[in-house]
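Order of listing sets the numbers, starting from 1, for every ligand and every atom in it. Below, all heavy atoms of this structure are taken into account, side chains as well, without hydrogens, waters or symmetry copies.
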Amino acid sequence: MKKNISVIEGDGIGPEIMKQTIKVLNSIAKKYNHDFYYHKTIAGSIAIEKFGDPMPEKTIDTCLKSDAVLFGCIGDEKYDHNPRGKRPEDGLLKLRKRMNLYCNIRPIMVYSEVNKSPIKKELLDGVDFIIYRELTGGIYFGEKGRSKNGEEAYDYCFYSKKEIERVGEMAFKAALYRRKKKVTLVDKANVLETSRLWREVIRKIALDYPSVNLDFLYIDNAAMQIIMNPRRFDVILTDNMFGDILSDESSVITSSLGLLPSASIGNHKSMFEPIHGSYPQAKGKNIANPLGCILSGAMMLEYFGMHKEKNLLEKAVRKSIEEKVCTPDIIESEFFSTTEEVGNYIEKYIQNQ
Ligand code: IPM
Ligand code: MN
């Protein structure tokens with residue numbers, strides 16, 4: 001198969017983790033006779049410096065024309081105080097909106113060899129859940145502003161039934177066809193009107209999926225249950241803001257934010273990005289964990305319908321962890337491997353299969 005892939009390395013450790021990701025994807029392409037064409041394009045602080053815009057139209061165009069987008073990570077504190085619309089993060093939000101990537105999928109799986117979670121081990125064995133986060137609505141995208149004198153600020157949280165339905169359908173389909181038939185809707189329906197609308201819409205969808213079990217948790221309780229009883233979850237369905245918070249929290253279960261991939265899916269377009277930020281403290285040090293980005297690549301292969309390819313890539317990642325070829329975030333520091341060494345191990349493993 002031929003695929004055109006837009007690549008945005010982004011800020012901080014972005015270029016380093018993306019380099020490893022492309023390397024291992026190339027070894028997959030070679031093995032299975034695919035042609036992957038990468039189209040590098042810029043966003044985040046580099047784009048601010050070059051064009052004064054964290055997400056130039058040209059970048060959006062390139063992304064819209066390709067079969068999928070691989071995204072590294074974004075954020076640079078130098079620009080944290082830029083006006084609204086001109087911060088690196090605004091660029092990412094703009095791209096998600098313009099590509100209409102309404103469904104963000106974040107799998108949380110535990111590798112038994114990795115033991116750097118502060119949570120008791122007996123709570124973690126067998127944890128395997130997935131977060132379906134709405135990605136183009138809610139408080140992230142509602143009107144925002146300040147009063148004239150700057151003394152007051154607001155962020156408007158808005159959801160339409162349609163926005164809830166489309167991500168809700170995706171979550172129920174995943175629960176039914178690919179997982180353990182359980183959806184937990186996380187909201188704050190004891191306080192928020194948008195949450196009450198979510199419950200109404202999701203209850204209705206559930207009628208079409210009688211074999212899927214639906215339950216509800218308030219966000220405050222869910223935040224506690226993820227630590228106390230993470231095995232209770234299968235598919236967590238939630239809005240943009242709560243999904244953002246719960247996915248970082250869930251990374252504590254897996255030991256490192258650096259391990260977690262995500263897929264952002266729209267009707268016709270999709271983007272694959274690790275859930276971590278730009279980790280500027282590690283930039284250029286060859287210590288960043290490339291696995292979140294590489295596993296996002298695996299999710300992209302699955303989206304292309306390349307199931308054997310995805311399985312092999314995931315197997316290679318598992319092997320690297322079993323063989324303790326790991327960056328310092330997931331192994332005792334005296335034994336760590338570099339970002340590059342992890343990529344090389346995975347590349348070799350694929351070549352030797
Ligand atoms: C994420 C990130 C982004 C978000 C930031 C960088 C805007 O934290 O993908 O989880 O809040 O969605
Ligand atoms: Mn986040």
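Taking the six-membered ring for Trp and thresholds of 30 and 60 degrees, Phe36 and Phe304 have ring planes inclined between 30 and 60 degrees apart.
Side-chain contact annotation: Tyr303 with Asp67, donor-acceptor N/O pair under 3.5 Å absent. Glu169 and Tyr209 form a side-chain donor-acceptor contact under 3.5 Å, judged by distance and modelled atom types alone.
Note that CD1 of Ile294 is 8.5 Å distant from CG of Leu25, once rounded to the nearest 0.5 Å.
Residue Met241 places no heavy atom under 4.0 Å from ligand 1. Ligand 1 lies out of reach of His276, whose nearest heavy atom is not under 4.0 Å from it.
On a distance-only criterion, Tyr140 and ligand 1 share at least one N/O pair closer than 3.5 Å.
For atom 1 (C) of ligand 1, the closest non-hydrogen atom on the protein side is Arg106 NH2, 3.4 Å.
Near Glu89, with a cut-off below 4.0 Å to any heavy atom, the atoms of ligand 1 are 6 (C), 7 (C). Taking a cut-off of under 4.0 Å to the non-hydrogen atoms of Arg133, the atoms of ligand 1 that pass are 1 (C), 4 (C), 9 (O), 10 (O), 11 (O), 12 (O).
Distances from the Mn ion (ligand 2) to each N, O or S atom of Asp244 single out OD1 as the nearest.
Tyr79 does not carry Arg87 over the face of its six-membered ring by the limits of under 6.0 Å from the centre and within 45° of the normal.
Of all heavy-atom pairs between Arg96 and Arg133, the closest is NH1-NH2, 4.2 Å.
Residue-level proximity to ligand 1 for Arg96 is carried by the side chain, the only part with a heavy atom below 4.0 angstrom.
The closest non-hydrogen atom to atom 8 (O) of ligand 1, taken over Leu93, Asp244, Ile275, Leu260, comes from Asp244.
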> How far apart are the C-alpha atoms of Lys161 and Glu200, what are their side-chain angles, what is the distance that settles it, and do they pass the salt bridge (charged side-chain N to carboxylate O under 4.0 Å, His left out) test?
Replying inline: CA-CA 9 Å; Lys161 284 189 173 178; Glu200 196 182 309; 3.4 Å; yes
